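To find a chain, count down the sequence lines: A is the first, B the second, and so on, and within it residues start at 1. No experiment lies behind these values; they were computed from the predicted model shown.
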Protein chains: 4
Amino acid sequence: MRSEIGPDGQKSRSFIEDARRAQIVAAAVEVIAEVGFAQASLARIAKRAGISKGLISYHFAGKDELMVEVVERTYGAIVERVVADMQGVESARQLLRTQVMSVAGYMRGHRSELKALGEIFGNLRDADGGLHYGIKSNEEIYRALEQIYRFGQSTGEFREFDVRVMAVTHSASVDAMFGYWAANPDHDLEAHARHLADLLERACVT
Amino acid sequence: MRSEIGPDGQKSRSFIEDARRAQIVAAAVEVIAEVGFAQASLARIAKRAGISKGLISYHFAGKDELMVEVVERTYGAIVERVVADMQGVESARQLLRTQVMSVAGYMRGHRSELKALGEIFGNLRDADGGLHYGIKSNEEIYRALEQIYRFGQSTGEFREFDVRVMAVTHSASVDAMFGYWAANPDHDLEAHARHLADLLERACVT
Amino acid sequence: MRSEIGPDGQKSRSFIEDARRAQIVAAAVEVIAEVGFAQASLARIAKRAGISKGLISYHFAGKDELMVEVVERTYGAIVERVVADMQGVESARQLLRTQVMSVAGYMRGHRSELKALGEIFGNLRDADGGLHYGIKSNEEIYRALEQIYRFGQSTGEFREFDVRVMAVTHSASVDAMFGYWAANPDHDLEAHARHLADLLERACVT
Amino acid sequence: MRSEIGPDGQKSRSFIEDARRAQIVAAAVEVIAEVGFAQASLARIAKRAGISKGLISYHFAGKDELMVEVVERTYGAIVERVVADMQGVESARQLLRTQVMSVAGYMRGHRSELKALGEIFGNLRDADGGLHYGIKSNEEIYRALEQIYRFGQSTGEFREFDVRVMAVTHSASVDAMFGYWAANPDHDLEAHARHLADLLERACVT
DNA sequence: AATGAATGAGGGTTCATTCAT
DNA sequence: AATGAATGAACCCTCATTCAT
């Protein structure tokens, strides 16, 4: 393993080191998106990246660490975008719509990332056999969505309902939208997002 | 390969043969539910069933045939139950609620089956590399749900909306409910189902 | 194992037992001829015979014993025929020709046996890894052929030469004739046999 | 798979890679010669070579590729030698003798190769179940031998006869010589070769 | 006499990982 | 920093053999 803990408590990596990791992560995303998690061997990823198999092991402690980094780099970018889009929006209804439309908009240009994330979330497991990104890894998302819904309830925009159920439903509906789109490339993602936002909104208002 | 096609065009198996297959399928369901599709090796399944690895090969032409039978036996039972519960229900709103509550009720006692089905649907691949249960596995469900929604629209119970988006959302919401429940065993599944039915209904009515 | 040693020192088997063994041997011959020794599993042979796998093990101590019996039954029939045809022939040249033509004539109607014999001779091995029917098993044939050639030399029909080399060559030439014919079914076996007899004869006479 | 096609259309391999392949091929030859094709497992070959089983898979795409390479490396060397020895020989009778003596001479030091070749020719099968080196493997030899005989007929050295039968007989006689010698190590191979050449020659001349 | 069920060893292959260079 | 060679474990599958019925 190359990365070391620097004096600031952060992982410190050379520029070249970071570039290699990024390159490997990008190759991993493509391969996973194309052939699925199970078939995404290090050999395949290395070939796609145009490097040797050993180099991946050199830069990553193991396959798991690579997968985690794929998630971190990919997922981080999405969150960044969505949070930016929601900045300044004031009504709960608009926040809800914005969340759905924003993530849909971002994903339209990042289909491979979407597919890869789904594969990793659903397949990457810890040593104990449990999913590394279990439903628990959604907790963060649920909390964020619950904030929106609770906010809407506090302003009177939304009726009373179980916000956790709503958050789970919301999250799953968005994921399913992507899943359907991934399976049906001709599907109109934006229209789906608009319809979905409508459904969610109607389910909340009085 | 054990099974053969009898004169009636049905698979004809001895009682003992069928019992073994059922036992192996049951073990497979448990193992897949616990450790996921990729880690569900025949060795693991055999050990769980308390039999030798070779015996699985004796009763099934291959791992794929076993997986397909897991789906057939498990999925068939669910559909049977839900269809039975929906028999005689007349309003679209009640059909919708019944569907959600019925499958939730059934699943409460069949958590492993649920998990295993999801794993197989998402991972079992054909020789060509494509998912064996691709879109088709959901397509069937989508069609069934669309019927309910279209029926509601025809009677005026439901407003106009895109039934495919609704079906995808509905299906995913139910799945997510199970997923959440699987990850949080103390979660109140029935209450969740009731809340979810409310949300779906409100999203549909005028 | 069923067979037992009777009071006369011969293996005594019931009629039904013998019939079963014959049936299994026949099936083995067909299967070996079709798919080769390595692919001729007991399962395949049993299926061909229309019986269960276990029954073969019931009648034969093991696969090896079955193979040995295939050879005995098949090979014995050939020898019987050839010996009969050579009865009464008086000149060495005629004996030589008769031997070649007789075995060729017999084989024309017993291609499967021919193929199976070749497969077993070339592949059946003892526990020590050595061929069960090695070149040594040809010794019997060599001796018989040497008799012919030595007889010819004693009568002055044939010149002096190394009879062992001649016997080895003769035997191999006949085998190769069958091998070529087995690979080229349209090949004229009888013409080949005539030509071969000519060659052998010319090689011997002064 | 290691080997790749270089810019010159030739397989380009590193020195070390080629050495390993040669080592593995050598081990395969020995094992096949000793225990036969069917028992020559990769595990056995690897153990003989003093390497791990996986390394064979690393250097060869599969067992079949290894077997093909065994044939290529081994068979090529024989042909090279024999062709060289026959260079410049002018009479058909001398060509015939030279062929027999040359291959016999070469084989004296390459018994295992001979055995291994025979095993592979007779057992290596394609996916469709047919022998990979079927008639074709002999056909090449037959053609070459026929040339000699036809040449002799054209010069009047040899009488008229069926050259294909002669070629088949010639080839089989040489093979049998090796087989006999392999089974009887004390046998005088060179004398046998000389006698055989005599026989073949006498069979051809007027 | 005959079956079907069951085992266990061994087959070839894939793959993450390690390591010398 | 990077490679290619090498390992060993685990994978699915085949098969001769055994055994209760």
Problem set entry | G-U wobble or Watson-Crick pairing nucleotide for E:dG12 (cut-off 3.5 Å, both distances) |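 Partner of E:dG12: F:dC11.
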Problem set entry | Partner nucleotide of F:dA2 by Watson-Crick or wobble geometry (both distances under 3.5 Å) |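 Across any shown strand, F:dA2 pairs with E:dT21.
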If I take atom [atom1] in residue [X] and atom [atom2] in nucleotide [N], what distance separates them, rounded to the nearest angstrom?
X	N	atom1	atom2	value
D:Phe15	F:dG4	CZ	C1'	16 Å
B:Ile45	E:dA6	CD1	C1'	18 Å
B:Arg44	F:dC12	CZ	C1'	15 Å
B:Glu17	E:dT3	CD	C1'	13 Å
A:Gln23	F:dA1	CD	P	15 Å
D:Gln39	F:dC15	CD	P	14 Å
A:Leu66	E:dC15	CG	P	15 Å
D:Lys47	E:dG11	NZ	P	10 Å

Problem set entry | 5' precedence on DNA chain E between C:Gly54 and D:Lys63 (nearest-nucleotide basis) |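 Result: C:Gly54.
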Seminar exercise, completed: Per nearest nucleotide of DNA chain E, the residue lying toward the 5' end, B:Ile56 or D:Ser41, is B:Ile56
Please determine whether a side-chain nitrogen or oxygen atom of [X] lies at a distance below 4.0 Å from atom OP1 or OP2 of [N].
X	N	result
C:Tyr58	E:dA2	no
D:Arg20	F:dA6	yes
D:Ser14	F:dA5	yes

Across the strands shown, which category fits [X] at heavy-atom distances under 4.0 angstrom: base, sugar-phosphate, nothing?
X	result
B:Ile16	sugar-phosphate
C:Leu55	base
D:Ser52	base

For this session: Identify, between B:Leu42 and A:Ile51, the residue whose nearest nucleotide on DNA chain F lies closer to the 5' end.
Result: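 Checking each residue's closest nucleotide, the 5'-ward one belongs to A:Ile51.
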Looking only at the side chain of [X] (C-beta and beyond, no hydrogens), which of the listed nucleotides [options] gets closest?
X	options	answer
B:Ser57	E:dT17, F:dT17, F:dC13	F:dC13
C:His59	E:dA2, F:dT17, F:dT3	E:dA2
B:Lys53	F:dA5, E:dT13, E:dG10	E:dG10

Side chain of [X], backbone of [Y]: donor and acceptor closer than 3.5 Å?
X	Y	answer
C:Asn123	C:Glu119	yes
A:Asp128	A:Gly130	yes
C:Gln23	C:Ala49	yes

For this session: Check step by step if side-chain contact (heavy atoms from CB on, under 4.5 Å) holds for C:Met67 and C:Ile32.
Result: CA-CA 10 Å; C:Met67 292 301 150; C:Ile32 295 170; 3.6 Å; yes
Exercise. Using 4.0 Å as the upper bound for N to carboxylate O, is an ion pair formed by C:Arg21 and C:Glu65?
Worked result: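 Judged by the 4.0 Å cut-off on N to carboxylate O distance, C:Glu65 and C:Arg21 do form a salt bridge.
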Exercise. Quick one: do C:Glu34 and C:Lys115 make a salt bridge, cutoff under 4.0 Å?
Worked result: no
